Amino acid sequence: MITGIVIAAVLVGGVGLFIGVFLGLAGKKFAVEVDEKEVAVREQLPGNNCGGCGYPGCDGLAAAIAKGEAPINACPVGGAPVAAKIAEVMGEEVGEAVRTTAFVKCKGDCEQTFSLYDYAGERDCKMVNLMQSGGAKSCSYGCLGFGNCVKVCPFDAIHIVNGIAKVDSEKCKSCGKCVAECPKRLIEIIPYGQPQVQCSSKDKGKEVMAACKAGCIGCKKCEKNCPSGAITVTDNVAHVDKEKCTGCGKCKEVCTRKCIF
């Protein structure tokens, strides 16, 4: 009986040893070479995995930077400090980094708009957007105020204030999650501090005034007074060209509706 136990133990041990040796050799044969630059770049990235860079997390961005497929300043969360560290790893110079922030194109809070009916369903923007008139708010283009954008922001940079979403530009990292989440497509990534129109309504002036006290009526005063031709009225609402705008603020001065921020 003891002999049987010894034989069984030897067999098990032998099989284990064989498997161990086999796996070791297989591991060496099929090992994937690691790009040292990729590893070094990954160590500099913040690890939020927000996807704001357009790649599948920090690992994806690190691989792209190491291969030269993405710029060294592609991480919106890390900003200039992280870009500088990655530049050292890659042996490149840091290009000019433009600070950006998310911006909500709506000023129609509870004081500027009113409710068409009482909504008692699920407090979810995507759900409410499917309701009559695209929600209970008097402006069918306006922020619904149920905070889907707030829920997906990993930096606590956006909150619902008096019925509409507002971005804290100091906290915002421009990851873009709020942009993708908003069913009304009201959020954009813009250069930090650049004037923007707080309205998205495509209705004509009379209809806008009936729905919101602060909506753009397409009067074109901003367009006519912009010295750089950076603001134009299309579909009854003013738009700022991010590339042309110099931030002079003239459009804000002449706006009779006070909807340019």
Side-chain angles (χ1 to χ4, degrees), residues 16 19-105 124-126 147-160 165-194 196 242-243 245 247:
I19 292 175
V21 171
F22 175 77
L23 290 177
L25 293 173
K28 290 183 178 181
K29 182 174 180 60
F30 298 106
V32 178
E33 292 186 11
V34 178
D35 188 330
E36 293 183 2
K37 279 192 174 181
E38 180 181 332
V39 174
V41 169
R42 179 63 185 85
E43 290 176 350
Q44 305 306 325
L45 294 172
N48 295 84
N49 293 310
C50 62
C53 57
Y55 290 88
C58 293
D59 289 343
L61 177 58
I65 291 176
K67 293 175 183 176
E69 297 174 355
I72 57 178
N73 60 354
C75 177
V77 177
V82 168
K85 292 178 181 178
I86 294 176
E88 291 182 11
V89 173
M90 297 297 295
E92 299 178 15
E93 292 186 1
V94 184
E96 183 180 357
V98 177
R99 184 179 176 183
T100 58
T101 181
F103 176 79
V104 182
K105 299 181 292 181
D124 179 272
C125 294
K126 292 181 179 178
N148 285 36
C149 52
V150 176
K151 297 170 188 174
V152 299
C153 179
F155 307 103
D156 190 36
I158 188 165
H159 300 92
I160 301 301
K166 291 192 175 182
V167 176
D168 183 336
S169 296
E170 302 307 316
K171 289 184 177 181
C172 179
K173 303 298 182 182
S174 302
C175 71
K177 285 195 172 183
C178 57
V179 177
E181 187 66 18
C182 179
K184 294 286 188 180
R185 298 293 180 261
L186 293 176
I187 308 178
E188 288 185 354
I189 301 298
I190 66 165
Y192 179 87
Q194 187 180 78
Q196 289 293 326
K242 302 171 188 176
E243 302 300 323
C245 180

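Quick caveat, the model's predicted, so the values are computed rather than measured. Every heavy atom of this structure was used, including side-chain atoms; hydrogens, water molecules and symmetry mates were not.
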Results of salt bridge (charged side-chain N to carboxylate O under 4.0 Å, His left out) for [X] - residues two or more places apart only:
X	result
Asp124	none
Glu188	Lys105, Lys242
Arg185	none

ask   = Is it the case that more than 12 heavy atoms not belonging to Glu170 sit under 6.0 Å from its CD atom?
value =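 Yes, because the 6.0 Å sphere around CD of Glu170 holds more than 12 heavy atoms from other groups.
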Nearest 0.5 angstrom please: [X] [atom1] to [Y] [atom2], how far?
X	Y	atom1	atom2	value
Cys149	Ile158	SG	CD1	3.5 Å
Asn73	Cys53	CG	SG	11.5 Å
Ile187	Cys172	CD1	SG	9.5 Å
Asp156	Lys171	CG	NZ	4.0 Å
Cys178	Ile189	SG	CD1	5.5 Å
Lys177	Lys151	NZ	NZ	15.0 Å

Notebook entry, point to check: Does Glu181 come within less than 4.0 Å of Lys126, counting only side-chain N to carboxylate O?
Noted result: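 Lys126 and Glu181: salt-bridged.
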With distance as the sole test, does Asn148 use its side chain to make a donor-acceptor pair with the main-chain N or O of Cys182 at under 3.5 Å?
-> no
Can you give me the closest heavy-atom contact between [X] and [Y], atom names plus distance?
X	Y	value
Gly47	Arg42	CA-NH2, 4.0 Å
Tyr192	Ser169	CE1-CB, 3.7 Å
Ala87	Ile72	CB-CD1, 3.6 Å
Thr100	Ser174	OG1-OG, 2.7 Å
Val89	Ala40	CG1-CB, 3.6 Å
Pro46	Gly78	CG-N, 4.2 Å

So do the side chains of [X] and [Y] get within less than 4.5 Å of each other, counting heavy atoms only?
X	Y	result
Thr101	Ile190	yes
Asn48	Pro154	no
Val77	Phe155	yes

Go through it in stages, so that I can follow the logic: the residues are Leu45 and Asp59, the test is side-chain contact (heavy atoms from CB on, under 4.5 Å), and I'd like the CA-CA distance, side-chain angles, deciding distance and then a yes or no.
CA-CA 9 Å; Leu45 294 172; Asp59 289 343; over 6 Å; no
